[in-house]
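In listed order, ligands and their atoms are each counted from 1. Starting from 1, each residue takes its place in the sequence as its number.
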Amino acid sequence: MIYLDNAATTKVSAGALKTMTSCLEELCGNPSAVHTAGARSRQAMERARREAAAVIGAEEGEIFFTSGGTESDNWALISVFEARRDRGNHIVASAVEHHAVLRTCEYLKSRGAEITLVRPGEDGAIDPEDVRRAMRPGTILVSVMTANNETGVIQPVRAIADAAHDGGALFHTDAVQAFGHIPLSAEACGADLLSASSHKLNGPAGCGILYIRRGTAVRSLIHGGSQERSRRAGTENVAAIAGFGEAAREARLFMDQRGRAERALRDYLIREVEAAVPGAALVGSRENRLPNNACFLFPGTENQTVLIGLDMRGVAASGGAACSSGSLDPSHVLLAMGYTYEEAFSEIRLTLSHENTREEIDAAVKALAEVVRGIRERR
Ligand SMILES: *Cc1c(COP(=O)(O)O)cnc(C)c1O
């Protein structure tokens, strides 16, 4: 199988798997326990916390483990809304956020929040000036992702953070697609809160972090024991956390190397698809995108049909976000960028890993060209 759906999830790395296996085999203590067995579990967790912090140049005390990107996004939005309720109820987010942010905004609306969604330009990028214009007295939070999961477009988060702070709001960024993939500093990007997820960088699913800048007042989302310095209750999944830590370490050490390999493959893929498939249109800017993302429209096709054809030829791709595949809704990201329903339904996203080869890309492009031609001929 040629796996080109790495924005949906990635394969657990050999190192992360080894770390997890040895945790499950050797560690039996509850990390909150006083005894040595507990201390050993605690050490494995704290090592992972150091590694996660190092990816974004944060302090260990600013990293809180969660069950993944979705929980981190929910926690950031819901807790800021609750903690800053006395200052206002207005939240600004972008219209191209992941559903973990957008649906949480919907939920908060039902709890009395007012939400403004800022639309991107045709290139998928949010204009920080539009965020500035959306600010008003009572704006308590701005949430804009670091990089988009469908188009790979990288957002100007620092300028957006400045706009948020100038208006007295906190800034949250969903960095799930960027964390461990492109250089990212919590300090430099201006985030007060930042979400990341283990399974998007070759760690196991069901584990993530919320970075909370020191001094930022937030409330707990999950109530119970005093784990995670009383901010996130529940006995920790030590093996998953340790596996995430190892994946984060590898991602940091090999970021440049992997990024270069992915970028070269991505540019090759884009050129080959444009040459082999008439009418293929790249979504988003050619340069300002994640190193592993190529997102196309293939006019005259419907992506569910293309995906089935690709799968029959051994190629795993996606029609946009994993959570909306299989649903009949077109991509909210492409609609927000100004594409029509028909265009949005023709979206195919190919996301690489550093392990993909040129031979795989050649085979995938050949399959794609055949499938698209076949569909167009039948119309
Ligand atoms: C995958 C993803 C999430 C959700 O993370 P999970 O760990 O799967 O819950 C949130 N935001 C973005 C941008 C993502 O790509």
Side-chain angles (χ1 to χ4, degrees), residues 4-12 16 48 52 55-56 63-78 93-107 117 120 124-126 143-155 157 160 172-182 184 189 191 193-211 221-222 232 234 237 240-241 243-245 247-248 251 284 289-293 295 317-327 331-334 336 347 349-353:
L4 300 178
D5 198 13
N6 286 277
T9 196
T10 56
K11 189 175 142 198
V12 173
V55 173
I56 51 171
I63 303 295
F64 295 84
F65 290 115
T66 66
S67 68
T70 300
E71 183 186 324
S72 297
D73 286 344
N74 272 262
W75 185 10
L77 270 68
I78 292 170
S94 90
V96 297
E97 294 302 302
H98 191 274
H99 281 136
V101 167
L102 289 179
R103 297 256 158 88
T104 305
C105 285
E106 285 297 312
Y107 164 71
L117 296 182
I126 299 296
S143 181
V144 176
M145 66 205 321
T146 311
N148 186 267
N149 48 304
E150 287 187 34
T151 62
V153 170
I154 298 169
Q155 301 295 352
V157 278
I160 294 168
H172 165 251
T173 188
D174 174 340
V176 170
Q177 291 288 332
F179 183 94
H181 290 278
I182 56 174
L184 180 64
C189 83
L193 302 134
L194 179 151
S195 305
S197 172
S198 158
H199 75 102
K200 303 291 174 78
L201 58 139
N202 306 100
C207 179
I209 55 157
L210 182 64
Y211 156 88
L221 181 69
I222 312 280
R232 202 278 187 180
N237 185 346
I241 289 171
F244 171 39
R289 65 194 310 130
L290 290 170
N292 74 338
N293 176 295
C295 182
S318 158
C323 13
S324 28
S325 332
S327 91
S331 153
H332 68 279
V333 174
L334 295 200
E347 174 191 16
R349 178 188 73 182
L350 305 161
T351 45
L352 309 166
S353 94

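With sequence neighbours excluded, the residues forming a side chain to side chain contact (heavy atoms under 4.5 Å, CB included) with S72 are T66, S195, L210, listed by chain and number. Listed by chain and number, the residues in a side chain to side chain contact (heavy atoms under 4.5 Å, CB included) with A205 are H199 (sequence neighbours excluded).
Taking OG from S67 and CH2 from W75, the interatomic distance works out to 10.5 Å, rounded to the nearest 0.5 Å.
Listed by first and then second residue, the salt bridge (Lys or Arg N to Asp or Glu O under 4.0 Å) pairs involving residues 197-208 amount to none (not counting sequence neighbours).
Relative orientation of the H332 and H99 rings is tilted, given thresholds of 30° and 60° on the angle between their planes. Between F65 and F244, the ring planes lie perpendicular to each other; the angle is over 60°, past the 30° to 60° tilted range.
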Under 3.5 Å: N or O atoms of ligand 1 paired with protein N or O:
from     : atom 1 : to   : atom 2 : distance (Å)
ligand 1 : 7 (O)  : G69  : N      : 2.9
ligand 1 : 7 (O)  : S197 : OG     : 2.6
ligand 1 : 7 (O)  : H199 : NE2    : 3.4
ligand 1 : 8 (O)  : H199 : NE2    : 2.8
ligand 1 : 9 (O)  : T70  : N      : 2.9
ligand 1 : 9 (O)  : T70  : OG1    : 2.6
ligand 1 : 11 (N) : D174 : OD1    : 3.4
ligand 1 : 11 (N) : D174 : OD2    : 2.6
ligand 1 : 15 (O) : Q177 : NE2    : 2.7
ligand 1 : 15 (O) : K200 : NZ     : 2.7

